Amino acid sequence: MEGLDPGAVAWVLASTAMVVFMSLGLGFFYGGLVRRKNVVSTIMLSFVPVALVTLQWVMVGFSLSFGRDVLGGFVGFDSRYVGLAGVGVGEVAEGTGIPLLLYAAFQGAFAAITVGILSSAFAERVRLAGFMLFALLWTTLVYDPVAHWVWGGGLLHRFLVERLGAAPLDFAGGTVVHITSGFAALVLALVIGARRGFGEREFPPHNIPLVLVGTAMLWFGWFGFNAGSALAADFSAANALLVTHVAASSGALAWMLVAWRRGRPGSLGFASGAVAGLVAITPAAGYVDAVSAIVIGAVAGVLGYYMVLYRLRRGLDESLDAWAVHGMNGLWGSIATGIFARSSVGGVGGLLEGNVAQFAAQLVDAAVAIAYTVAVTYAIAVAVDRLVGLRVSETEEYVGLDISQHGEEAYAWGGE
Amino acid sequence: MEGLDPGAVAWVLASTAMVVFMSLGLGFFYGGLVRRKNVVSTIMLSFVPVALVTLQWVMVGFSLSFGRDVLGGFVGFDSRYVGLAGVGVGEVAEGTGIPLLLYAAFQGAFAAITVGILSSAFAERVRLAGFMLFALLWTTLVYDPVAHWVWGGGLLHRFLVERLGAAPLDFAGGTVVHITSGFAALVLALVIGARRGFGEREFPPHNIPLVLVGTAMLWFGWFGFNAGSALAADFSAANALLVTHVAASSGALAWMLVAWRRGRPGSLGFASGAVAGLVAITPAAGYVDAVSAIVIGAVAGVLGYYMVLYRLRRGLDESLDAWAVHGMNGLWGSIATGIFARSSVGGVGGLLEGNVAQFAAQLVDAAVAIAYTVAVTYAIAVAVDRLVGLRVSETEEYVGLDISQHGEEAYAWGGE
Amino acid sequence: MEGLDPGAVAWVLASTAMVVFMSLGLGFFYGGLVRRKNVVSTIMLSFVPVALVTLQWVMVGFSLSFGRDVLGGFVGFDSRYVGLAGVGVGEVAEGTGIPLLLYAAFQGAFAAITVGILSSAFAERVRLAGFMLFALLWTTLVYDPVAHWVWGGGLLHRFLVERLGAAPLDFAGGTVVHITSGFAALVLALVIGARRGFGEREFPPHNIPLVLVGTAMLWFGWFGFNAGSALAADFSAANALLVTHVAASSGALAWMLVAWRRGRPGSLGFASGAVAGLVAITPAAGYVDAVSAIVIGAVAGVLGYYMVLYRLRRGLDESLDAWAVHGMNGLWGSIATGIFARSSVGGVGGLLEGNVAQFAAQLVDAAVAIAYTVAVTYAIAVAVDRLVGLRVSETEEYVGLDISQHGEEAYAWGGE
Amino acid sequence: MKKVEAIIRPERFEQVKKALEEAGYTAMTVYEVRGRGEQRGIELQYRGATIRVDLIPKVKIEIVLESDEDVERVVRIIAENARTGRPGDGRIFIIPVERSIRIRTLEL
Amino acid sequence: MKKVEAIIRPERFEQVKKALEEAGYTAMTVYEVRGRGEQRGIELQYRGATIRVDLIPKVKIEIVLESDEDVERVVRIIAENARTGRPGDGRIFIIPVERSIRIRTLEL
Amino acid sequence: MKKVEAIIRPERFEQVKKALEEAGYTAMTVYEVRGRGEQRGIELQYRGATIRVDLIPKVKIEIVLESDEDVERVVRIIAENARTGRPGDGRIFIIPVERSIRIRTLEL
Ligand SMILES: Nc1ncnc2c1ncn2[C@@H]1O[C@H](COP(=O)(O)OP(=O)(O)O)[C@@H](O)[C@H]1O
Ligand SMILES: Nc1ncnc2c1ncn2[C@@H]1O[C@H](COP(=O)(O)OP(=O)(O)O)[C@@H](O)[C@H]1O
Ligand SMILES: Nc1ncnc2c1ncn2[C@@H]1O[C@H](COP(=O)(O)OP(=O)(O)O)[C@@H](O)[C@H]1O
């Protein structure tokens with residue numbers, strides 16, 4: 001089989017499965033955090049995008065993200081990619097040893113989880129219909145263009161190469177996945193508004209073991225997410241896997257320890273810190289070494305902790321902290337890549353090696369992604385809200401979304 | 001290592017682990033659907049077959065399924081396969097790049113989950129001892145012969161090749177796994193009878209998050225199930241993985257949407273639709289493209305929905321819908337393979353390419369498998385019922401199977 | 001890429017992820033077994049070591065375990081391994097086809113789960129701070145030296161080769177992981193003392209489905225644990241995967257059946273038996289065939305059952321049976337390797353092939369590991385208890401560790 | 001004013017609720033309890049031995065009613081719809097209530 | 001001696017508890033119940049149709065008090081803090097208690 | 001007729017149940033509650049600060065009895081077996097019951 005590297009194929013097959021698994025796992029992480037009456041709904045906000053975005057991706061998303069530049073590189077397009085109908089089964093993805101169809105599947109899993117992450121801001125109050133329409137528009141108008149800029153060689157990529165002489169580094173989606181979803185969540189929290197009762201009373205997580213089951217699935221799947229992004233079973237994948245695990249570990253401990261100083265160290269802090277570390281290492285995984293990963297993870301854990309405190313102090317109901325954990329640590333990870341990148345690891349050095357251009361490229365890349373995300377997310381959210389309504393009625397929210405949106409009760413009452 | 005393809009080995013190792021994982025995961029999918037008093041029992045109906053069928057497989061099942069034809073190809077036999085004692089560690093499975101022992105392990109995982117699926121019809125009323133005896137007999141007398149016909153080159157295979165000039169296509173077990181287990185469940189529901197109270201009152205699922213945890217495990221594991229069936233990390237595996245994910249996605253959305261028209265779209269519909277799509281794509285995964293997978297999955301979702309309604313209307317207590325979801329979509333998947341197969345994907349064309357013989361082969365293959373399954377399952381069930389009893393007493397059923405069969409209470413009461 | 005075997009890399013990448021997953025999964029296995037008020041704490045006793053030991057491993061553990069002999073081979077050391085700072089990304093692990101960094105990551109996952117296993121003895125009464133200090137000291141002073149002796153070519157290894165002419169066989173950590181953690185748990189149970197109320201009243205498991213979710217994760221991950229230890233996607237990995245599954249199956253059934261004789265067969269017996277079988281096959285996985293695996297697993301299941309009864313009769317609160325299941329079956333597995341090893345499988349024969357030296361090597365290896373573990377664990381435990389305290393106060397224990405150590409309530413009360 | 005406390009089989013709860021509703025009694029407070037009566041639970045035969053399962057899950061219904069006729073009627077409806085004739089059908093207790101306050105209106 | 005049984009909205013429980021505590025009433029027994037009042041639950045509009053959700057989760061508070069003044073005060077505190085003015089605010093029932101025994105001291 | 005309502009420590013429930021059973025009192029209805037007494041829960045010392053944990057899980061036992069002697073005996077059995085002597089042991093309340101109906105037989 002010409003051009004195929006079976007080891008690479010084996011690893012990316014497994015990685016794709018793992019990323020899908022973590023996308024579903026996110027539902028449990030989020031679902032355990034909400035009130036009992038909204039757990040099914042919250043899980044569905046991660047599950048539904050897996051299905052919905054997968055179909056969008058096959059029909060248009062892959063083309064928009066990885067097609068050849070159109071509209072000056074704003075997005076891509078390739079008619080062969082529509083429905084993947086023109087892609088031969090035997091075609092190899094350029095520059096890799098894996099089938100193009102596998103590449104499409106792997107990348108599609110990233111698009112799906114990104115929408116799952118931003119559902120944080122919708123938790124316990126979104127209309128299912130509104131969410132689904134929003135998801136379709138957002139993945140098409142935000143995710144796909146940004147993916148094209150950063151990974152598809154589009155506009156921003158070319159701009160940075162031309163102006164700064166440095167291509168933005170984003171190994172597995174710090175910008176494409178975490179900055180976009182995290183900052184989208186920030187905007188959405190403002191558009192949809194706080195849950196009724198937010199700020200007046202506590203909403204304690206209804207099922208912490210479920211959150212931790214989700215955490216385990218995320219931690220596991222992230223190895224596919226990051227090390228799979230090497231698109232090969234090679235030295236780079238090995239490094240990515242190692243630093244991913246290290247950053248998760250140091251993020252988890254850092255959050256736990258900093259929280260410990262103010263009270264008791266919760267498991268939710270540990271879990272959030274692990275995710276914070278995983279997010280921060282995502283763009284850096286192919287470029288930094290283990291010791292840097294400890295630092296990147298530790299900073300991520302501490303940063304996440306204070307960002308959660310900050311958004312609570314601001315009275316903002318970005319309910320499950322996609323912004324604090326994913327958005328801000330996607331940003332930190334992008335910057336950290338510009339600082340800690342080592343030529344001996346991924347062929348590019350960062351600020352510590354005196355490469356100011358790379359550092360600048362990371363900043364500009366992140367800034368543009370944030371600005372674009374914020375603007376377009378806002379527009380879509382407002383439009384969807386007008387069109388079909390983003391938010392359930394007061395009564396529906398009171399009764400809970402499981403019953404009002406899904407007609408289901410998560411844990412049967414009075415059962416035998 | 002002569003003849004070994006390390007990439008293929010890596011992928012089939014991972015796939016085997018994934019199929020075992022999903023076999024256990026099925027227990028949570030089913031276990032969340034039943035009443036609280038039967039959850040441990042229902043999970044065990046998936047767990048116990050994993051252990052039991054694995055031993056049967058190593059001792060006789062592999063030989064019966066993949067040995068050389070005996071009894072005119074009705075089953076196979078190979079004395080070297082008994083206990084796998086005569087298989088050299090360094091032996092490669094014919095026509096592949098993986099060790100024969102790995103091939104045996106991978107195939108064994110399929111046999112195990114098949115029995116788990118059919119436990120649907122036994123839920124909340126089966127005697128553990130009766131179930132275990134049934135499982136042993138059924139896997140030996142139904143699964144193994146059918147596996148031999150379809151995959152082991154046995155009777156039916158030869159018949160179809162001779163008469164129709166087309167070998168039945170069953171990439172990962174639409175017929176062997178899903179038709180057999182689904183139609184067996186139909187028969188078993190009739191033999192064992194409805195749960196007491198069925199039809200008079202509702203049995204709401206006691207723990208939907210648990211169902212969704214099982215769904216995540218199934219979705220994940222199915223990538224190993226289908227893409228692993230390529231027995232290589234190659235173009236075919238990549239295509240299988242992609243179409244598997246696509247069909248699951250469109251199945252999930254289709255079921256959800258069709259249910260939405262009549263009421264609120266439940267998460268259980270989404271989950272069942274995903275499974276329906278996964279079942280339907282199983283025989284087709286190596287032969288169809290992504291757009292066909294959307295259609296196959298969507299039909300599966302709609303079909304599953306109406307089949308559940310149908311069996312409810314018929315007052316049939318095939319409790320967890322193995323027939324509606326697995327049986328009928330195994331059938332649909334087999335037919336769909338005959339329709340949508342493309343020579344550019346898997347080297348064989350279907351009805352859409354004018355290959356009527358292939359279409360016919362699929363129909364005959366499925367029909368024979370159904371007829372054989374129904375007859376032999378009925379005989380085994382009645383025999384086991386006479387011999388040791390398939391059903392618990394009324395009191396045991398009332399108290400619940402967790403206590404009566406396992407002496408356990410799933411969720412402690414009055415605990416500290 | 002010189003010296004790299006992509007198939008091997010793919011499989012060890014996946015295996016590492018799987019071992020991390022099972023390390024987290026252990027938390028659910030243990031967490032479901034305790035009382036509701038201690039579930040978060042118990043899960044954290046598996047989660048925290050994953051993070052803590054990973055950092056220790058990267059900073060010193062890998063060096064101590066796999067560095068060149070220092071102190072006469074008591075431990076290893078390699079300054080390049082400190083922080084893995086001196087290891088080139090492009091370096092291949094000696095004698096394998098995988099990157100040295102991947103080897104370090106894979107081995108690190110073993111160190112982490114070992115600490116998780118021994119937390120059994122601490123359940124429902126340990127101070128988090130004391131546990132964390134203990135974990136750091138124990139992994140450094142017990143795990144790392146023993147790993148060096150058995151796998152790093154250290155003291156014991158050389159001694160056995162010189163005196164007996166046979167190197168100890170421990171394919172995936174029967175001695176290094178299970179004997180050390182199991183016997184450490186035994187010692188710890190004595191040092192920390194029984195839970196208040198132990199022996200006076202029952203502590204029924206609060207959530208059996210959660211235990212079974214953990215079981216599924218363990219079973220799945222163990223394929224990476226054992227078959228990944230081949231460090232290649234080869235015949236040996238295939239054999240390891242097969243016998244692992246077989247031994248788990250026969251262990252599960254054996255425990256269930258032996259328990260059945262005395263009462264009803266519980267799912268917890270099935271799950272414990274599966275783990276017992278997995279433990280026992282761990283050292284043997286690369287050396288024995290499938291039929292031997294059935295025997296090894298069956299003995300493990302029966303042995304585990306009686307060891308649990310024994311420690312209960314002795315009134316010992318080694319709460320979650322790490323000693324009975326891991327310690328004693330690590331020992332049995334080590335001995336069984338010396339009995340059942342076949343030269344046709346792994347190149348070395350055992351007692352059944354007349355190789356008495358190998359059998360003796362297994363016994364001495366295990367005995368030394370047990371003696372060393374018991375002595376050093378005791379010293380560390382007493383020291384930590386003096387220094388920061390291992391046990392919570394009576395009131396904290398009464399209220400539960402979730403609230404007292406973590407400030408969290410696992411399942412919200414009175415929630416909406 | 002009286003409080004009717006009925007402990008019934010969970011599987012009969014929906015039927016009881018519906019019957020009450022049809023008779024115009026909608027207000028109620030319910031919760032899951034466990035209980036055993038004089039039979040000391042349920043006996044299972046297990047390979048010769050007898051195993052006693054006590055503390056069977058039940059549903060408890062509480063309805064506060066003004067008039068004695070209402071009490072009479074509610075008791076009858078519950079009993080008729082909860083009865084299977086086998087042990088474990090449950091009990092109804094009538095407890096005096098001195099006052100009842102509607103929180104929404106603070107009306108008595 | 002009286003037992004105050006209050007069925008309130010779960011989301012008001014913390015507020016009620018705090019208010020009681022501030023007034024010096026700390027002792028209480030609480031549990032999760034479900035209930036519906038005369039409104040027969042909550043109505044949802046779903047694409048034209050009306051769906052009734054009954055048996056809404058509530059919290060039940062039980063406080064046994066010696067004196068009638070305490071009862072009066074506790075009822076007032078609960079009612080004031082549990083009230084939203086919308087259906088579903090709940091009820092308070094006053095039930096006679098004949099005796100109370102403190103297990104720790106066996107004192108009455 | 002009286003209803004004995006006892007709120008006890010969960011860890012003493014089995015002992016109480018057994019003692020009641022031995023004395024011939026098998027019938028009971030039980031459920032999980034949470035509560036605090038006058039001590040306002042349990043105090044934990046956490047690095048200098050004091051943390052109060054209230055609403056400790058308890059088990060509530062309800063037994064309806066005909067005669068006053070039975071009430072006396074049941075109270076004594078419960079109290080003796082539930083007592084540890086430390087705060088949190090719980091309370092027993094005696095509540096009047098006007099009638100009791102056995103659903104199975106509709107007998108009073
Ligand atoms: N004396 C009692 N006090 C409190 N609860 C009781 C009493 N008798 C019965 N119950 C409750 O009623 C339920 C059913 O009682 P049971 O005696 O089994 O019914 P039956 O009288 O029809 O046999 C029991 O599970 C228990 O919850
Ligand atoms: N007659 C009653 N008997 C028992 N419980 C009642 C009764 N009336 C109300 N409740 C309880 O009070 C809760 C709130 O009652 P509801 O009637 O909705 O309040 P409101 O009277 O303010 O509309 C109900 O859910 C139910 O639990
Ligand atoms: N006045 C009361 N009203 C209702 N329940 C009470 C009252 N006093 C105590 N309880 C219940 O009894 C439990 C134990 O009470 P507590 O005061 O802690 O015991 P002790 O009096 O022995 O200190 C509490 O958790 C609560 O559930």
Side-chain angles (χ1 to χ4, degrees), chain B residues 1 4-14 16-18 20-21 24-25 27-28 31-32 39-41 43-44 47-48 50-52 54-55 58-59 83-85 88-91 98-99 101-102 104-105 108-109 128 207 210 213 217 233 402 404-412 415-416, chain C residues 5-11 14-15 18 35-37 97 203-209 212-213 215-217 219-221 223-224 227 232-239 241-242 245-246 248-253 256 263-268 270-271 273-274 289-291 294 344-346 398 400:
Chain B
M1 281 174 296
L4 216 59
D5 170 351
V9 178
W11 174 234
V12 181
L13 285 166
T16 307
M18 289 161 79
V20 172
F21 191 52
L24 302 170
F28 307 114
V39 51
V40 168
S41 159
I43 296 173
M44 278 298 105
F47 273 45
V48 168
V50 170
L52 202 60
T54 296
L55 298 190
V58 165
M59 296 315 296
L84 298 172
V89 169
E91 219 168 302
I98 64 169
L101 290 178
L102 178 56
L128 180 59
N207 191 334
L210 191 64
V213 166
M217 291 168 72
D402 290 2
S404 74
Q405 301 302 294
H406 300 282
E408 292 177 329
E409 186 152 27
Y411 310 103
E416 298 163 46
Chain C
D5 170 351
V9 177
W11 174 234
S15 293
M18 288 160 79
R35 288 167 289 174
R36 203 165 26 176
K37 65 186 178 186
F203 297 139
H206 89 287
N207 191 335
I208 293 180
L212 299 177
V213 167
T215 304
M217 292 168 72
W219 199 319
F220 171 65
F223 293 122
D234 60 0
F235 290 115
S236 176
N239 187 75
L241 181 128
L242 173 71
H245 193 40
V246 166
S249 299
S250 82
L253 289 176
M256 198 173 93
R264 284 162 289 175
S267 67
L268 297 179
F270 182 93
D289 63 14
V291 174
I294 294 180
S344 63
V345 174
Y398 186 75

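Only heavy atoms go into these numbers, but all of them, side chains included; no hydrogens, no water, no symmetry mates. The structure presented is a predicted model; accordingly, all values stated were derived computationally and were not measured. In the text below, chain A, chain B and the rest are named by the order of the sequence lines, each starting its count at 1.
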Atom CG of B:L24 and atom CZ of C:F220: how far apart are they, to the nearest 0.5 Å?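 Reported value, rounded in 0.5 Å steps: 10.5 Å.
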
At a 4.5 Å cut-off on heavy atoms, which part of [X] comes close to chain B: side chain, backbone, both, or neither?
X      : value
C:F203 : side chain
C:A237 : both
C:L212 : both
C:D289 : neither
C:S344 : backbone

Under a 4.5 Å heavy-atom cutoff, which of [options] has the most pairs with chain C?
options                : answer
B:V89, B:L102, B:L101  : B:V89
B:G27, B:G108, B:A105  : B:A105
B:A109, B:A104, B:G407 : B:G407

Heavy atoms only: give me the nearest [X]-[Y] pair and the separation to one decimal.
X      : Y      : result
C:P209 : B:F28  : O-CE2, 3.9 Å
C:D234 : B:P99  : O-CG, 4.2 Å
C:P265 : B:Q405 : CD-O, 3.3 Å
C:F270 : B:F47  : CZ-O, 3.3 Å
C:A216 : B:M217 : CB-CE, 3.8 Å
B:M44  : C:S267 : CE-CB, 3.5 Å

With a 4.5 Å cut-off on side-chain heavy atoms, are [Y] and [X] touching?
X      : Y      : answer
B:L55  : C:I294 : yes
C:F223 : B:T16  : no
C:W11  : B:V9   : no
C:V246 : B:T54  : yes
C:I208 : B:H406 : no

Side chain, backbone, both or neither: which part of [X] has a non-hydrogen atom closer than 4.5 Å to chain C?
X     : result
B:V20 : side chain
B:M18 : both
B:V12 : neither
B:I98 : neither
B:I43 : side chain
B:S41 : neither

What residue, out of C:T215, C:N207, C:V291, has the most heavy-atom pairs lying under 4.5 Å from chain B?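 Winner by heavy-atom pair count: C:N207.
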
With no hydrogens and no angle check, is any side-chain donor or acceptor of B:E408 less than 3.5 Å from a backbone partner on C:L268?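 Present.
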
